[in-house]
Amino acid sequence: MSTEPVTEQRQAEWAERAVRESAAGQPDDPGTPYAGREQQVLARIERARRRRPVVREERITLAHGSGGKATHTLIDAVFLEAFRNPLLAPLEDGATLSLGTARAVFTTDSFVVNPLFFPGGDIGDLAVNGTVNDLAVCGARPLYLSAGFILEEGFPVADLRRITASMSAAAKAAGVSIVTGDTKVVERGKADGCYITTAGVGLIDRPALGPPPEGSPGLSISGARPGDAVVVSGPIGEHGAAIMVARGEFEIEADLASDTAPLHDLVAALLDALPTQVRTMRDATRGGVATILNEVATGSEVAVVVEETAVPVRAEVTGVCELLGIDPLYVACEGRFVAVVDGAYADRALQALHGHPLGRGAAVIGRVVADPAGLVLLKTTFGGTRIVDLLVGDPLPRIC
Amino acid sequence: MRFVDEYRDAGMARALAAEIAARCEPGRRYTFMEVCGGHTHTIYKHGLEDYLPETVTLAHGPGCPVCVIPMGRVDDAVHIAEQPGVILTSFGDMMRVPGGRGSFFDAKAAGADIRMVYSPLDALKIARANPDRRVVFMAIGFETTAPSTAMTVLRAAAEGLDNFSVFCSHVLIIPAIKAILDSPDMRLDGFIGPGHVSTVIGCEPYEFIAREYGKPLVVAGFEPLDILQSIHLLLGQLAGGRAEVENQYARVVPWHGNRVALEAIGKVMRLRPHFEWRGLGFIADSALGMADEYAAFDAERIFDLPGIRVADPKACQCGEVLKGVLKPWECKVFGTACTPETPIGTCMVSSEGACAAYYDFGRFSRERVREATRS
């Protein structure tokens, strides 16, 4: 027993272990064509980043739900590890299946947004649009949805009616039917009102997106190549900013509404104009546009260069983000997608998007280059250059 | 956006960059330290180094509030959070800072009631709403945040709240700068002074730096043009053979500081004889504890704390990074064992930490990027 508790000192075992494990997994330095010590360190870091991720935490933390690095690590090290199969492995927004002669996309999404009702929408239309959009960006025509409800004891039936009414309206607008469902109730305090899980099925009925070799390689997160253009379908970050304000934690008032909307029609307009020139699309939900761009950069082994001045952001969103110290590039949208298209067709893509009410604010925000592969670079408004990395944690849990 | 865009204008930046280059003496190298983590964040977030000549280097200083909290203190806070009936409240930045037994997030996942707040007043609200719980606020930060902690304690005392206390871990900027100046590795030509801290303490407390150490200091704002202009002013002083304290951030910082804020600190808190800083060790007269008159609000006296120091991992070089002796990437574990996802050192935790800023924003070769993005 130490008699001087003030000077008692011990080691942080976890930290020493992390250093040892990292040193053990360090491959030999193959060198880099770029001289200088900093470059070698950067190369070493890139190698470290490409190693299989390990979940170090003993318990799930909120960061695991952020859509950022911790979520990717969890998916890779736990879910992919357990369920590994060729359809899941590409980790697209949905799985593309062959059913007889038909090609279908199957996807699922859960919704835990807080608050349940917010300007511009509620958990109900979010749950329908979220799944519709995942199907749409995979190139499918959305057809059928399921809806699972986890309800907390004491939840007002009137609120549930309000939610189902907006789900019904959203389904009608997207041309889908909710054809199966499930209901569970848990004790008071074991859930927060109402959680919804939807799954959806859609058909790929565009020959150009058919299985290779007949059509193009199809839409794939690994399809981006140098020379491609990066497009967003409208101003970013409105859903997330609206939720932040709606929570009332910050005593900020702003004229903001969620951008939640079904994107199937807008996606169809783009694919009609560019049947084989769209490489990949993703709807920019949790983690925002920045997360999608990182997925493109790592999935396609390319660099993405974004011009900050070209990124459409409404002044209200910029204002809220500036006050809270959050970058709009990471703020969730629920009615916007990012598309990577053949650079020669960027203007045609914009033309097609601008012709649709949901795509009026579409813009080319950047381009794809070869090097340095795996990184997203931002040319800032100020005129400097920086990286846009995946976020580790979540500036705002339970956004959708 | 008005009142922000003006300070991020690329045209003005180019003009200022040209003047900076013109003020640099050929063949002379300059190293300036930005003391404040907020500046480090701005520098990387806007890619400000693209505007600086190769001969001007920025060293990142110790002014990141969570970066200087030692692991043992995180363990003490977790110990408080584990006591029955306790709600520990903390700024979000602190949640991921690792202690010897993990972070606040880990403790929360294991069942402790730890809540993020944006202001100590939010902690007070939680205390009012939960009279049967003991609500503790993890108070961190330099003189910037100490006044709001002090004001909150005064409010709690006025309301007669008996379930609210503060785990006071406020630190002071001047002793930290002095420790750097006295460090034998010190090779700095001047300081970009912390803007937010200076709104409270003013500019006078820095005068010894110019007088006794002969180093110029310019108190700077947080927009990228503020920082470029401050570098321009520092180079001007050096060119003229001067060492003075200048106030670039006069639109916010009063020369004599904020008397009301300083009085609140003086009333509620007292100087600790010494305090341990992460990576820097014990520094005398460098931190604030609760004054005896407010002992009833002092979590250190209410709870029996283990108070066990946790040694920094041998491979961790946070101290050298905080002193500006090492660039983040020069640390042995940077980006491999220590990443923002699994930080070992505190500099990798906060977005204001030099290592996190470099890793998140600056982890690329400017040479390669220039080649790749040439259009």
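With a 4.5 angstrom heavy-atom cutoff, A:Gln11 touches chain B via backbone and side-chain atoms both. For a residue to count as touching a neighbouring chain, one of its non-hydrogen atoms must lie under 4.5 Å from one of that chain's; by this rule B:Glu49 does not touch chain A. For chain A, no part of B:Ile43 is nearby; none of its heavy atoms comes within less than 4.5 Å. For A:Ile60, the part sitting under 4.5 Å from any heavy atom of chain B is the backbone (N, CA, C, O) and nothing else. For B:Tyr51, the part sitting under 4.5 Å from any heavy atom of chain A is the side chain, from C-beta outward, and nothing else. When heavy atoms are compared at a cutoff of 4.5 Å, A:Ala303 does not approach chain B at all. Within the 4.5 angstrom heavy-atom criterion, no atom of B:Ala17 approaches chain A. No part of B:Asp122 comes within reach of chain A, as not one of its non-hydrogen atoms sits under 4.5 angstrom from that chain. Residue A:Glu46 touches chain B through its side chain alone, counting heavy-atom pairs closer than 4.5 Å. Only the side chain of B:Arg96 comes within less than 4.5 Å of a heavy atom in chain A; its backbone stays farther off. Of the atoms belonging to B:Lys332, it is backbone heavy atoms, and not side-chain ones, that fall under 4.5 Å from chain A.
Taking chain A as the reference chain and counting heavy-atom pairs below 4.5 Å, the highest number among B:Lys327, B:Lys108, B:Lys314, B:Met95 is found for B:Lys314. Among the candidates A:Thr61, A:Thr385, A:Leu324, the residue making the largest number of heavy-atom pairs closer than 4.5 Å to chain B is A:Thr385. Interface remark: of the candidates B:Met71, B:Lys45, B:Glu330, B:Lys45 forms the most heavy-atom pairs closer than 4.5 Å to chain A. Contacts with chain A were tallied for B:Tyr44, B:Phe364, B:Phe105; B:Phe364 has the most, counting heavy-atom pairs under 4.5 Å. Among B:Ala110, B:Gly345, B:Gly335, B:Ala311, the residue making the largest number of heavy-atom pairs under 4.5 Å with chain A is B:Ala311.
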Return a table of donor-acceptor pairs under 3.5 angstrom between the side chains of residues 353-360 of chain B and protein atoms on other chains or two or more places apart.
| from | atom 1 | to | atom 2 | distance (Å) |
| --- | --- | --- | --- | --- |
| B:Tyr358 | OH | A:Glu38 | OE2 | 2.4 |
| B:Tyr359 | OH | A:Arg49 | NH1 | 2.9 |

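Rounded to the nearest 0.5 Å, atoms CG (B:Leu48) and CG (B:Leu225) are 8.5 Å apart. With rounding to the nearest 0.5 Å, the separation of CZ in B:Phe275 from CZ in B:Phe282 is 9.0 Å. The distance from the OG1 atom of B:Thr339 to the CZ atom of B:Phe334 is 9.5 Å, given to the nearest 0.5 Å.
Taking B:Glu300 as the reference, B:Arg73, B:Arg272 meet the salt bridge (Lys or Arg N to Asp or Glu O under 4.0 Å) condition, with sequence neighbours excluded.
Not a single donor-acceptor pair under 3.5 Å links the side chain of A:Asn294 to the backbone N or O of A:Thr291. Between the side chain of A:Thr318 and the backbone N or O of A:Arg314 there is at least one donor-acceptor pair closer than 3.5 Å. Using a distance-only test at 3.5 Å, with no hydrogens or angles considered, no donor-acceptor pair links the side chain of B:Trp329 to the main chain of B:Arg363.
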task = Decide yes or no on side chain to side chain donor-acceptor pair (under 3.5 Å) for A:Glu308 and A:Thr381, but give the supporting numbers first.
result = CA-CA 6 Å; A:Glu308 194 172 25; A:Thr381 306; 3.1 Å; yes
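Heavy atoms of other residues, nucleotides or ligands lying less than 6.0 angstrom from CZ of A:Arg59 number 12 at most.
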